[in-house]
There are 2 protein chains.
Amino acid sequence: MATNEDNVFKALADGSRRALLDRLRVCNGLTLNELCEGHEMTRQAVTKHLAVLEAADLVVTKWRGREKLHYLNPVPINEIYTRWIGKFERGRLQALDNLKEALEEDRHE
Amino acid sequence: MATNEDNVFKALADGSRRALLDRLRVCNGLTLNELCEGHEMTRQAVTKHLAVLEAADLVVTKWRGREKLHYLNPVPINEIYTRWIGKFERGRLQALDNLKEALEEDRHE
DNA sequence: TAAATATGCAACCAAAGGGTTGCGTTGTCA
DNA sequence: TGACAACGCAACCCTTTGGTTGCATATTTA
């Protein structure tokens with residue numbers, strides 16, 4: 001079952017987009033204009049970033065008159081966490097051991 | 001203090017690179033040639049991907065004769081998890097509530 | 001030492017990304 | 001109704017990215 005994994009990772013790859021998510025995390029339901037404030041780019045650039053976030057289902061929008069409200073959807077991030085990051089977290093100490101051991105060998109050779 | 005956050009997110013944005021990390025998670029210390037097996041690209045393409053992973057400190061290498069061994073470094077992923085994903089996980093239920101509430105309004109209007 | 005193996009380096013290419021500008025559309029309000 | 005405000009669409013541009021091919025270098029091994 002192919003999840004949205006790739007879209008989510010790609011969406012998170014850009015710092016501006018992560019900043020937008022951060023804004024929404026703190027203050028959910030902002031309009032496009034509000035999201036533009038504090039960013040040094042045009043509205044259209046922000047629009048494009050939001051489109052990427054929407055495509056990844058990280059942001060859900062809703063119209064209120066002429067305003068577009070943006071809501072954070074925490075589900076995709078949670079999925080990335082549970083089914084991808086989780087795998088690495090589980091084997092984390094083991095991997096650290098492997099690494100240390102491998103680097104240690106050099107000192108003895 | 002600027003961490004390697006951006007490099008890590010960018011490195012994780014590509015599916016081939018995530019696959020390489022997965023391989024190393026299961027079988028740490030693989031050589032370049034071994035990592036090339038099963039991938040439908042040239043050795044040079046894999047080399048480039050590994051370079052990106054190294055730049056993000058997700059992979060650490062060590063030479064054994066003419067072979068280059070690749071080890072997974074779990075630290076950056078853990079940092080992303082604790083200091084970025086964590087923020088969103090903490091406000092997760094709240095964000096879900098916001099979202100549901102916003103979508104519910106439509107049905108009553 | 002010669003051949004084979006494992007990897008690096010550099011040039012090149014097409015496609016994707018992040019950004020801009022210009023203009024059109026829709027909703028609000030005096 | 002007319003002006004303004006919030007947003008969408010599309011063309012264009014430069015840089016980055018993911019990939020290739022060709023050749024060089026270093027280490028084994030026969």
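Below, read A as the first sequence line, B as the second, and so on, with proteins coming before strands; counting in each chain starts at 1. This is a predicted model, so every value here is computed, not measured.
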With nearest nucleotide decided by heavy atoms, which residue, B:Leu69 or A:Val52, maps closer to the 5′ end of DNA chain C?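 Residue closer to the 5' terminus by nearest nucleotide: B:Leu69.
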Applying side chain to side chain donor-acceptor pair (under 3.5 Å), name anything that partners A:Glu89, two or more places apart in sequence or on another chain.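 Applying side chain to side chain donor-acceptor pair (under 3.5 Å) to A:Glu89 gives B:Asn78.
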Side chain to side chain donor-acceptor pair (under 3.5 Å) with A:His49: which residues, sequence neighbours excluded?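 With neighbours one apart ignored, the set is A:Arg17.
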Interatomic distance, [X] [atom1] vs [N] [atom2] [rounded to whole Å]:
{"X": "B:His49", "N": "C:dG8", "atom1": "NE2", "atom2": "P", "result": "15 Å"}
{"X": "B:Trp63", "N": "C:dT5", "atom1": "CH2", "atom2": "C1'", "result": "12 Å"}
{"X": "A:Leu50", "N": "D:dC9", "atom1": "CG", "atom2": "P", "result": "13 Å"}

Can B:Ile80 and A:Tyr81 be said to form a side-chain contact (heavy atoms from CB on, under 4.5 Å), step by step? CA-CA 10 Å; B:Ile80 291 297; A:Tyr81 162 52; over 6 Å; no
Within the structure provided, determine whether [X] and [Y] are in side-chain contact (heavy-atom separation under 4.5 Å).
{"X": "A:Leu69", "Y": "A:Thr31", "answer": "yes"}
{"X": "B:His39", "Y": "B:Arg23", "answer": "yes"}
{"X": "A:Asp6", "Y": "B:Arg18", "answer": "yes"}

If you only use heavy atoms from C-beta on, which nucleotide in [options] is closest to the side chain of [X]?
{"X": "A:Lys68", "options": "C:dG19, D:dG8, D:dG18", "result": "D:dG8"}
{"X": "B:Ser16", "options": "D:dG19, C:dT7, C:dG18", "result": "D:dG19"}
{"X": "A:Met41", "options": "C:dG19, D:dC7, C:dC9", "result": "C:dG19"}
{"X": "B:Arg43", "options": "C:dT20, C:dT7, C:dC23", "result": "C:dT7"}
{"X": "A:Gln44", "options": "C:dG18, D:dT20, C:dT21", "result": "C:dT21"}

Using the rule that Ile, Leu, Val, Met, Phe, Trp and Tyr join whenever any side-chain heavy atoms are under 4.5 Å apart, tell me whether B:Tyr71 and B:Leu12 fall into a single cluster.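 Result: no, two separate clusters.
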Please determine which of B:Asn73, B:Leu35, B:Leu21 meets the side chain to side chain contact (heavy atoms under 4.5 Å, CB included) test together with B:Val59.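 Option passing the side chain to side chain contact (heavy atoms under 4.5 Å, CB included) with B:Val59: B:Leu21.
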Phosphate OP1/OP2 of D:dT20 contacted by B:Thr42 side-chain N/O (<4.0 Å):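 True: B:Thr42 side-chain N/O within range (under 4.0 Å) of D:dT20 OP1/OP2.
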Has A:Lys10 got a side-chain N or O lying under 4.0 Å from the OP1 or OP2 atom of C:dA16?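 Negative; the distance criterion is not met.
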Anything under 3.5 Å between a protein N or O and an N or O of nucleotides 26-30 of chain C, put it in a table, one pair a line.
residue: C:dG27; atom: O3'; partner: A:Arg66; partner atom: N; Å: 3.4
residue: C:dG27; atom: N2; partner: A:Arg66; partner atom: NH1; Å: 2.7

Pairwise distance CG(B:Leu58) to CG(B:Asn7) - rounded to 0.5 angstrom: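 That separation rounds to 9.0 Å.
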At what distance, to the nearest 0.5 angstrom, does CG of A:Asn4 lie from CD of A:Glu79?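 Taking CG in A:Asn4 and CD in A:Glu79, the distance rounds to 8.5 Å.
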If you restrict it to nitrogen or oxygen atoms, what contacts under 3.5 Å exist between nucleotides 11-13 of chain D and the protein, and what is each distance?
none

Interface residues of residues 21-40 of chain B with DNA chain D (non-hydrogen, below 4.0 angstrom):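 Within this stretch, nothing sits under 4.0 Å of the strand.
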Give the other cluster members for A:Leu96, using side-chain heavy-atom distances under 4.5 Å between Ile, Leu, Val, Met, Phe, Trp and Tyr residues; answer none if it is isolated.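 Besides A:Leu96, the hydrophobic cluster comprises B:Val75, listed by chain and residue number.
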